[in-house]
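Report on the structure given below.
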Amino acid sequence: MSDLSLRKKELNVKESSFIKTLKGETNLLPFWFMRQAGRYLPEYRKIRKNINSFLDLCFNPNLAAEVTIQPLARYDMSAAILFSDILVIPHALGQSVSFKGGVGPVLGSLNNNELNLNNLNEILSPVYETVSLVKKQLNSDKSLIGFAGSPWTVATYMIEGSSSREFLKIRQMMYKKPEELQKIIDLLVDATSLYLLEQIKSGVDAIQLFDSWASVLPEEMFNLWVIKPTAKIVSNIKAEYPDVPIIGFPKGAGILYPEYIKKTGVDAVSLDHTIPLNWAAEHVHSLCPVQGCLDPMALLVGGDIMISETQKILDAFSDRPFIFNLGHGIHKETPVEHVEHLVSFLKDQ
Ligand code: 1CP
């Protein structure tokens, strides 16, 4: 066994490679994939087909724990991500949320005055139970990632009422009625902080904040609606748990990534697949550990293209603390064999 693999073995016993990397180790190559549990996996579809509503799966601790662990049982990733959804927060605040096959999420009309934090932890208690169940089943060399949507992204669903391409309502609101948007964002900051603190109490090792629609904002608006609320959540969590790493994912933020890192206080960022690799190595990776960023389409296509795209990413980032991931979630049509191929390539590095 080489010195390096011996060292890896020693480190793994004490703390997971994922957490070590977030704290600055450079010689490990932990990996996981966004949406690693989900519809591309036959064992997920088998469970999913017996459950009517997607939220019922999120709120069933035994099944949600099983689904969380499924990808690790198959591929032995470095970390599991809690199986839940970013939209459990509007649900717990009192807005109706349902998931319609082929359509996606559908949310009820937003009556600001009726939304409140009163029952949040009680409604979300099955998620916390899922965390404890998964934690008990994971080996100590594997990490459990908790997560939430960042306020801007969750607010897009709450205000648009569904997935959106143009975000017409919320983008008009931020100019015409900023104080109304501020109220919703402030409530989401409080709700998300409570939710994440409770996930940590229940056993998650790290947190990821998904800001999937960060890319649609001009710089000043990005500061107001992405950076500021994220910074508040980070400071609320750090006040109680300074050592739990927080990964921010302001998808599509481009040249605003460095500002996001400096002003939010996140420990690491996840990069999306549109970022130029050499630019990110110089301007982002010099600031903190990064995670990313294979194009999910390269994984769907597979073969030599997937491997050469992966190699470019490793060449750009492996001299500093780096976690391999995708630039966005696994597409549901992705063949499991392609994921197997990618994993065996990563394990050979
Ligand atoms: O019926 C099903 O199986 C529904 C598909 C599905 C799954 C598997 C949805 C509906 N959510 C999830 C799980 C999920 N969602 C996870 C845990 C699983 C894992 O990563 O392994 C996570 C972290 C999320 C996060 C999430 N949900 C985000 C942020 C990341 C991203 O993809 O940008 C967003 C935007 C959502 C909203 C959401 N949930 C589901 C749908 C169809 C949507 C809408 C997506 C859109 O508007 O494009």
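Atoms within each ligand, like the ligands themselves, are counted from 1 in listed order. No hydrogens, no waters, no symmetry mates; every other heavy atom, side chains included, goes into these values.
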Extract all donor-acceptor atom pairs below 3.5 Å that involve side chains of residues 89-104 and protein atoms in other chains or at least two apart in sequence.
| unit_1 | atom_1 | unit_2 | atom_2 | d |
| --- | --- | --- | --- | --- |
| Q95 | NE2 | G108 | O | 2.8 |
| Q95 | NE2 | M158 | O | 3.2 |
| S96 | OG | G108 | N | 3.3 |

Holding to side-chain hydrogen bond (donor to acceptor under 3.5 Å, both in side chains), I want the full list of residues that pass it with T153, two or more places apart in sequence or in another chain. D211

Would you please name every residue forming a side-chain contact (heavy atoms from CB on, under 4.5 Å) with M173, sequence neighbours left out? I159, K177, E180, L181, I184

Heavy atoms under 4.0 Å from ligand 1: which residues qualify? R35, Q36, A37, R39, Y44, R48, F54, I81, L82, F83, S84, D85, I86, F99, P105, F147, Y157, S163, F210, S212, W213, H328

What class does the angle between the rings of [X] and [Y] fall in, given that below 30° is parallel, 30 to 60° is tilted and above 60° is perpendicular?
X	Y	value
F324	F33	perpendicular
Y75	Y40	parallel
H285	F322	perpendicular

